[in-house]
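Input: a single structure, listed below in C-alpha cells.
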Amino acid sequence: MEKKRFYITTPIYYPSARLHIGHAYCTVLTDIFARYKRLRGFECFFLTGADEHGQKIEKNALAAGKTPQQFVDDIVEGFHKLWTLLDISNDDFIRTTQERHVKVVQDIFSKMLANDDIYLGKYKGWYCTPCEAFWTDTQVGTDHICPDCGRPVQIAEEEAYFFKTKKYVDKLLKFYDENPKFLVPESRKNEMINTFIKPGLDDLCVSRTSFSWGIPIRENPKHVIYVWLDALTNYITALGYDSDHPELFEKFWQDPECETIHILGADITRFHAIYWPMFLESLGLRKPDREFVHGLLMMKDSKMSKSKGNVVDPYPLVEHFGLDAVRYYLAREITFGQDGSFSPEQFVERVNSDLANSLGNLLNRTVSMINKYFGGVVPAYKGKVTEFDGNLESVANETVKQYESLMDDLKITEAISVVNELVNRANKYIDETTPWALAKDDSKQEELASVMNHLANAIYIAGMLLKPVLTRASDKLFAQLGVTGDLLKYENVYKFGCVENVTVNKGDQLFPRLDAAVEVEFIQNLMAGK
RNA sequence: CGCGGGGUAGAGCAGUCUGGUAGCUCGUCGGGCCCAUAACCCGGAGGUCGAAAGUUCAAAUCUUUCCCCCGCAACCA
C-alpha cells in the first residue's frame, strides 16, 4: 500500500574534518529520492545534520585552539556550503548541540532511567592514560597499543550507564519477522542476527565520564551521554518530539500514513538496525519503516583515505563539470546498495556516453529538426502514424511505469538506467524514421510531423523522470523544448503527446562532450591535491 | 576459523533474492546515415559467468567444499 507522506533522512555526519565525495554520495542519493517523491506530489520531509559531540571533537578543537563549539560551528558551515552547492533539498538540518536536541535527549535519558531501561554500571576497556581515551579490543590490537599515540594501554574501569538491550532482543526479532522490508538489502538483516544478536548482545554503554564534550545527564552531571543515544535520536528531536511543537513529529513519525526511511552506510547498520528500534520501543514510539544500507564509495584500487592522498573533494569537481554531471554520475555509476569505486575514466566516460552523446545530442538534433522542418513549432499529436511511433510511445509509457516502481524501491541506479534506455530508443527511432528523407517528400509531411512530435514527447518524459537527478539540466531541457506552465507538472508523463504546438528554443549544448584525456588528467590532479 | 563485499568478453559493471536463448557502457573490426555534440544507428569478433562436486528436464542464479582479490578493525558514509 502506498503511503501518502515520506520522512527521509541521511545519517548525521561527524564534523571532525571536511566532507568528501563519500558523504556527498549518500546525501545526493537521499536527495534524489526526496525530490522524486515531491515531484510526484507527495509530501516529503528530508532531514540531514551533524553529530557534534564526543571526545574526538573535543581533542581536535583543542589542537586547533578553538572551543569545541567554535570548532564544530566552523566545520558545519562547510556542510551547509556543500549541500547548497549540490542542490540538496533538505527541509531541516539538525545539530546535536542545538537546544532542541539537547533538552530532549536529556528527557529521553530520564525516561529510560525511570523505566529501568538504563542502569548504572561499570565500563571496562583498554585505557590510554596520556590520551585519556578508552579503546576497544580490536582497536588496541593484539599488542595492546593505543591507536592514537602508540603507547601501551591498560585495562581500566569507569562508572557508566547502560541500556538494557537484552530486555528488547525478542521484540526486535519479532519486529524483523513482521517487517521483512525493514532492512534493505536483506543480507544486512542476516548479518545483524548472526553477527551481533545470536552470539548474545551486550548492554549498550550510553554514558561516559572520561570526557566532557557531550550532553550532561541531569541526574548525574559528571556523565555525558555517549554517542548513539545522542546521535540516533536526532531523527525524532528534529521533528519536535517531546517539544512544545510536536506537529511535525506526529505527522512524519507517528502517523502510520507516513513512511519513514533512514539511509545509512554499512558501518553504522548495527546501531540503526538493532539499538535504534530498541530505543524507540523503550519510548513507546513507532519504528522506522525502512532502513536502506548503501555501499561504500571507494577509489579505484582502495578505499579513499586522506593519508593515501586519493580523496576526491566534491567542490572542484562540481565547479569544473557542473552539478548535474556529478549528481548523475554518483547515482548512475554506483549501484545504490552496493560498494562502488570512483575513477576519473569512469566519470568522464559515463558523462560523455549518457549525458552528452545520448541525451544532450538527442535533444540537440531534435530541436534542430523541428526548427528546420516546422519553423520551430512542435507539431500536434496525431496518435500513431507509423508502427515506429507506436513502438516509441509504448516504450516511453513502459519506462514511466518501470521507473516509478524502481524508484519507490530505492533502486535509483536502475531507475536511471531505464530512462537511459528510452533515450537510446529515441535515438534509434530517428534512424528508423529518417526524418531528413521524409522532409524531401511532400506526401510524407504527416509522418514527419508525427516523428517530431514523438521525439519531443519522448525527450520530455526522459527530462521529467531525470529531474530529481538533473536539478538544473532538466529545466534547460524543458526550456529548449518550449515546455512551460502546466506542462512542467509531473502528471503529464502519463499523457504521451501532450507536448505539442509549443515553440522550441535552440540553446547551448546541454552537456558538451568532454575531452577524455584532458579531463581525466584534471581529475587525477585534483585527487593528488594539485 | 574475527566480520563483510567481490571474482561474469580487453577494461569497468548489471543480472544471482523469484533457475529457463548471458546483458550494458567503453574499446576493437566492418557497414549505414548525414538531423546532431568526430555524434547517432546496424552488424561482427571476443565469455567453459573463480574451481570442483551436488540438486534439477534445465544452474551465472540453489546447496556444499575450496582458491583468489578487496574493505573494516587506524582520519573515513
Side-chain angles (χ1 to χ4, degrees), chain A residues 10-14 16-27 29-30 56 60 135-142 145-148 150 184-188 190-191 194-196 199 263-270 293-298 300-308 311 332-335 338-341 343 345-346 348-350 352-373 413-414 417 420-421 423-439 448 451-452 455 506 508-514 516:
Chain A
T10 71
I12 49 175
Y13 306 114
Y14 200 61
S16 60
R18 271 168 76 91
L19 298 176
H20 53 66
I21 194 117
H23 301 98
Y25 173 65
C26 177
T27 308
L29 273 285
T30 307
K56 189 175 294 169
N60 289 4
W135 304 103
T136 62
D137 279 347
T138 48
Q139 282 173 319
V140 300
T142 48
I145 296 290
C146 172
D148 227 35
V184 182
E186 202 183 353
S187 59
R188 297 294 175 187
N190 302 330
E191 182 188 350
N194 294 330
T195 310
F196 301 113
I263 308 293
L264 50 131
D267 52 337
I268 51 176
T269 312
R270 179 177 148 204
V293 183
H294 70 251
L296 248 42
L297 182 56
M298 280 165 294
K300 182 80 167 84
D301 296 311
S302 65
K303 184 166 183 183
M304 72 178 74
S305 76
K306 287 164 194 168
S307 51
K308 286 179 190 160
V311 173
R332 175 66 186 89
E333 186 68 37
I334 296 115
T335 306
Q338 295 192 21
D339 287 353
S341 60
S343 86
E345 293 85 356
Q346 265 179 16
V348 172
E349 181 184 309
R350 182 59 77 178
N352 270 345
S353 163
D354 290 7
L355 297 180
N357 296 349
S358 294
L359 180 64
N361 185 39
L362 174 67
L363 175 71
N364 197 22
R365 60 202 299 215
T366 299
V367 169
S368 288
M369 287 191 284
I370 291 172
N371 270 329
K372 197 165 177 178
Y373 305 139
T413 309
E414 289 164 81
S417 168
N420 207 41
E421 280 168 28
V423 171
N424 291 338
R425 184 66 192 79
N427 271 317
K428 179 173 175 166
Y429 170 81
I430 296 181
D431 269 58
E432 288 170 341
T433 54
T434 59
W436 49 89
L438 300 177
L448 179 62
V451 168
M452 293 304 125
L455 280 174
K506 179 133 188 175
D508 294 338
Q509 291 177 352
L510 208 55
F511 294 99
R513 190 177 160 75
L514 303 174

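Naming convention: chains lettered A, B, ... in sequence-line order (proteins, then strands); numbering from 1 in each chain.
A donor-acceptor contact under 3.5 Å is not formed by the side chain of A/Asp339 with the base of B/G6.
The A/Lys428 side chain lies nearest to B/C41 when the options are B/C40, B/C76, B/C41. Closest to the side chain of A/Gln509, out of B/A14, B/A77, B/U37, is B/U37. Ranking B/U25, B/A77, B/C40 by closeness to the A/Asp431 side chain, first place goes to B/C40. Among the nucleotides B/A77, B/G12, B/G4, the one closest to the side chain of A/His20 is B/A77. Among the nucleotides B/U37, B/A77, B/C35, the one closest to the side chain of A/Lys372 is B/C35. Comparing B/C75, B/C41, B/U37 against the side chain of A/Ser16 picks out B/C75 as the nearest.
Residues passing the side chain to side chain contact (heavy atoms under 4.5 Å, CB included) test with A/Ile334, sequence neighbours excluded: A/Tyr25, A/Leu297, A/Tyr329.
In this model, the phosphate group of B/C13 is approached by a side-chain N or O of A/Ser341 to a distance below 4.0 Å at OP1 or OP2. The phosphate of B/C40 (OP1 or OP2) has a side-chain N or O of A/Asn357 nearer than 4.0 angstrom.
A/Tyr14 comes within 4.0 angstrom of the backbone, heavy atoms only, and of no base. Residue A/Asp267 is classed as a sugar-phosphate contact, given heavy-atom separations below 4.0 Å to backbone atoms only. A/Pro512 comes within 4.0 angstrom of a nucleotide base, judged by non-hydrogen atoms across all strands. Residue A/Asn427 is in sugar-phosphate contact alone, with no base atom involved, counting any heavy-atom pair closer than 4.0 Å across all strands shown.
Atom-to-atom, CZ of A/Arg270 to P of B/G4 comes out at 13 Å; the value is rounded to the nearest Å.
Helical stems in RNA chain B, defined as runs of 3 or more consecutive Watson-Crick or G-U wobble pairs with donor-acceptor distances under 3.5 Å: B:2-7 with B:67-72, B:10-13 with B:23-26, B:28-32 with B:40-44, B:50-54 with B:62-66.
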